[in-house]
Amino acid sequence: MPKFTIEEIRQLMDKKHNIRNLSVIAHVDHGKSTLTDSLVAAAGIMAVEHAGDARLTDTRKDEQERGITIKSTGISLYYQMPAKDLEGFKGERDGNDFLVNLIDSPGHVDFSSEVTAALRITDGALVVVDCVEGVCVQTETVLRQALGERIRPVLTVNKMDRCFLELMLDAEEAYTTYLRVIENANVLMATYQDEAMGDLQVYPDKSTVSFSAGLHGWAFTLTTFARMYASKFGVAEEKMITKLWGDNFFDPATKKWTTTQTDSKTCKRGFCQFCYEPIKQVINLAMNDNKDKLWPMLEKLGVLSKLKVEEKDLMGKPLMKRIMQNWLPASEALLEMIVYHMPSPAKAQKYRVDTLYEGPLDDIYATAVRNCDPEGPLMMYISKMIPASDSGRFFAFGRVFSGKIATGSKVRIMGANYVPGEKKDLFNKAVQRTVLCMGRKQDAVEDVPCGNTCAVVGLDQFIAKTATLTNEGNADCFPMKAMKFSVSPVVRVAVEPKVASDLPKLVEGLKRLSRSDPMVLCLIEETGEHIVAGAGELHLEICLKDLQDDFMGGAEIKVSEPVVSFRETVTKMSEHVCMSKSPNKHNRMYMQARPLEDGLAELIDEGKIGPRDDPKIRTKILTEDFAWDKDATKKIWCFGPDTNGPNLFMDVCKGVQYLNEIKDSCNAAMQWATKEGVLAEENMRGIVFELTDVVMHADAIHRGGGQIIPTARRVMYAAELTAGPRMMEPVYLVEIQAPESALGGIYSVMNQKRGIVIEEMQRPGTPMYTVKCYLPVVESFGFTATLRAATAGQAFPQCVFDHWEVMGADPLEPTSMCGKIITDIRKRKGIRDMQPLSEYEDKL
């Protein structure tokens, strides 16, 4: 039975210092959903006995079956903290009740777009790390995303029970294992942290690290033990806690603390002696059913009285689980970290507003967000759409940053493509109702003030994936910044209905699919195919399953083989300046192409350099880091494709009249040419086109867009063909965990798949190896199955999209590997064969 009502939650929402918004992030299978269960149980939404097995935040059927989280799920929890737990709390608070809006996010790299969506609307992150496996590749990815959004992390070292039951570590070994995990996590936090946030590293003795066993539902921070021992030793808690971590050794014989290990046999490290050993004793006694020794111990700890009569008759593991849950309840340790060390919205929005708001940082909207002002104008960011139980409708899930959103209020919806001052992607609509997300169900509330997460009903027709909401009539309001995803959709399949009459269902289903997932792309090619693009094999599989079962009502679809998108690039300066004439033979354009400097295309991808930059800052980066000429940086006309892609169009002409009149036409041609390159109509990447000279007709009517655009496009194709064109393929970074015996199998699979192993490292203290390698995405289909077959199922791969790699073969030779790929792509897209250079270049 929940310990709270919706009315209580609604009253608490107004106390902005008592709200905590957090996401749970981690590598796949490190125990996020299991740990979340303990928090949910503590709020009384489910029985403590079931915590750890129910995985309440895995709401979908396939999530429960596969045991993985696919969609991030929000849940609002209400806690009454005992007064004695809050004695040491120095921050602002209003009463002892706290509202925690928790979002459980997936760990699979294919779904890391869900993590980004969750992070945008929370202020703190609970980073879960498996104490045996340590910090893995996905831990690093999600931490980098979190720190990029200016989110304060706290760490929990999970799966402690494995140390006692599987590995049987002694105390010193366990201590070094945890120390290494925490140090690795701190290295990452120090690497990616934002100066505006101060020191983000976590330390056990400051209780920003907890140790937990999610499956058994117990956890502790060093404060828990410091409190127990402070009275016994007669010292203050603050002093005691420092002794429980680091190089502090205690000798019970002499009753003295030292900072070095003495020769005495009884001298042991503080953590080992006072935290690890007691837990180990209790667990061993419970597992061996040694109740004669166990009951007196529990009596001293004050746990015996908490056990129910029937629980005392349990044996082995169930007994151990109940004892640990009563002695060190997970929720207390985690809540202490959440309340003490995570910022309230009032605190967090002060430093987050710079990274959130696109407009000027001193207008009324930015100020209202900064102060988290419930009386200010409404600012709400919708980060994802949640499909409702009745098919076809969506809840728009997001967070209110300032003002209040109420049932029936009129809002102005600014979509992802909205440009301030224009009408595109802009709607005014009334909110039908506002609801709270409670895992599987939704509860209606009258209105939601700032600092809280909630879902809005009735706007789903107007929001594609994300949007910013404000009050109707706030015409000078800017939208929130778009989210940056760490993965890109590189794997595409074509879908078609098995029965032709189901086509309208498919089109409708694709519309809904693209709403329901922040990452997936649904588009229609010119050939009329319906394309679904996702981040990887698993992501696509889940998307197609959703499409067929949920969004199309079970109508069957045919799916083509997965296709990978390539990029086209150049490797050297054009051999000669290419020239094309316009259709009416009155205008001539001269152009050459050269490759972008190394690392510049990546900067453009990350959004560090782009068309909207301050020209001075851009000039500084280009001249200092890439040795550009200062004047050349001011001659960049545009970026392409999509006006912000990694290709540049520059004007290096000297003294040409009327040049600005054709600038728009050239930019349009640039977008067109870079979107569909000359080799296989794939996007271009990393090319600079330099316009060297233009000869124009004196009469304006003879140099309109119809004459210039096709000419400019042809001359760009010619320039690309003369500059050593190459194809680029996407490459995954694969991290494989496997025992030593399986390494041979990994290498043989890598050789078959054109993979390159870049490092191999043994994890200290375990027989496991971590192998990192690069694997072309083209070869990755069925890779997991092949790898498991070759290693008898002992190797676990994780693929992350890493970079674009230039393919060595010459694409202009039809017999080379590259030539074959191009022929296949052209056949698939229904384009005629490669044309010779003379098709695009004219002679004087």
Side-chain angles (χ1 to χ4, degrees), residues 84-85 87-88 131 155-157 160-165 167-183 186 201-213 218-286 290 293-304 320 323-324 327-329 332-333 336-337 340 764-765:
K84 68 174 199 311
D85 288 359
E87 281 163 8
C131 66
L155 183 74
T156 177
V157 181
M160 290 279 290
D161 48 309
R162 291 179 66 179
C163 296
F164 300 108
L165 301 175
L167 302 173
M168 304 284 182
L169 297 180
D170 67 33
E172 244 341 276
E173 285 172 355
Y175 173 79
T176 43
T177 310
Y178 307 147
L179 188 65
R180 198 173 57 243
V181 170
I182 294 166
E183 278 174 356
N186 276 337
Q201 299 189 22
V202 292
Y203 307 101
D205 47 359
K206 296 206 176 120
S207 75
T208 43
V209 178
S210 70
F211 301 89
S212 60
W218 57 268
F220 65 91
T221 58
L222 294 185
T223 332
T224 325
F225 279 98
R227 203 172 284 149
M228 286 197 306
Y229 290 116
S231 53
K232 185 182 167 192
F233 280 99
V235 287
E237 266 183 50
E238 293 76 46
K239 195 169 170 204
M240 187 68 207
I241 195 168
T242 54
K243 301 277 194 227
L244 291 179
W245 191 256
D247 295 331
N248 291 304
F249 301 88
F250 182 71
D251 189 344
T254 59
K255 299 205 167 165
K256 285 210 171 68
W257 287 94
T258 50
T259 48
T260 51
Q261 177 97 38
T262 56
D263 301 335
S264 142
K265 282 204 171 73
T266 48
C267 177
K268 277 188 183 168
R269 189 184 293 277
F271 175 78
C272 306
Q273 193 169 342
F274 296 117
C275 305
Y276 194 84
E277 292 290 344
I279 296 179
K280 193 173 173 181
Q281 265 180 312
V282 169
I283 288 184
N284 287 344
L285 289 174
N290 192 340
K293 285 187 184 163
L294 185 58
W295 296 146
M297 260 188 91
L298 297 184
E299 187 96 21
K300 277 185 197 155
L301 294 170
V303 177
L304 198 57
M320 186 263 305
I323 290 173
M324 294 304 292
W327 178 30
L328 301 170
E332 279 182 22
E336 178 206 0
M337 285 207 305
Y340 276 57

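All heavy atoms count here, side chains included; hydrogens, waters and symmetry mates do not.
Between Ser207 and Leu222, every side-chain heavy-atom pair lies at or beyond the 4.5 Å cut-off. You'll find the side chain of Thr156 stays beyond 4.5 Å of the side chain of Val209, heavy atoms only.
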Which atom pairs, one a donor and one an acceptor, fall under 3.5 Å between side chains of residues 269-282 and the rest of the protein, sequence neighbours left out?
| unit_1 | atom_1 | unit_2 | atom_2 | d |
| --- | --- | --- | --- | --- |
| Arg269 | NE | Glu172 | OE1 | 3.4 |
| Arg269 | NE | Glu172 | OE2 | 3.1 |
| Arg269 | NH1 | Gly246 | O | 3.0 |
| Arg269 | NH1 | Asp247 | OD1 | 2.9 |
| Arg269 | NH2 | Glu172 | OE1 | 3.3 |
| Tyr276 | OH | Leu169 | O | 3.4 |
| Lys280 | NZ | Leu169 | O | 3.4 |

Would Met160 and Trp218 count as a side chain to side chain contact (heavy atoms under 4.5 Å, CB included) if you check the C-alpha gap in whole Å, the side-chain angles of each, and the deciding distance to 0.1 Å? CA-CA 9 Å; Met160 290 279 290; Trp218 57 268; 3.8 Å; yes
Derivation and outcome, side chain to side chain contact (heavy atoms under 4.5 Å, CB included), residues Met320 and Leu165: CA-CA 11 Å; Met320 186 263 305; Leu165 301 175; 4.1 Å; yes
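When all heavy atoms are compared, the tightest approach of Leu294 to Leu285 is CD1-CB, 3.9 Å. What you find for Thr221 and Glu336 is that their closest heavy atoms are OG1-OE1, 2.7 Å. Nearest heavy atoms, Val202 versus Ile182: O-CG2, 4.0 Å.
Using modelled atom types, no side-chain atom of Asp161 and backbone atom of Phe164 make a donor-acceptor pair closer than 3.5 Å. In this structure, the side chain of Asn248 does not engage the main chain of Trp257 through any donor-acceptor pair within 3.5 Å. Distance alone, capped at 3.5 Å, is enough to place a donor-acceptor pair between the Thr177 side chain and the Glu173 backbone.
Few gaps surround NZ on Lys243; more than 12 heavy atoms of other groups in view lie less than 6.0 Å from it.
Interatomic distance, CE of Met228 versus NZ of Lys300, reported as 13.0 Å (0.5 Å rounding). With rounding to the nearest 0.5 Å, the separation of CG in Leu244 from CG in Asp205 is 9.0 Å. Note: Asn284 CG to Asn290 CG = 10.5 Å, rounded to the nearest 0.5 Å.
Proximity of the aromatic rings of Trp245 and Tyr203 is defined here by a centroid distance below 6.0 angstrom, and this criterion is not met. In this structure, the ring of Phe250 has its center less than 6.0 angstrom from the ring center of Phe233.
By the side chain to side chain donor-acceptor pair (under 3.5 Å) test, Asp251 pairs with Ser264, Thr266, sequence neighbours left out. For Glu238, the side-chain contact (heavy atoms from CB on, under 4.5 Å) partners at least two apart in sequence or on another chain are Ala236.
The only member of Cys131, Cys163, Ser212, Ser210 that meets side chain to side chain contact (heavy atoms under 4.5 Å, CB included) when paired with Val157 is Cys131.
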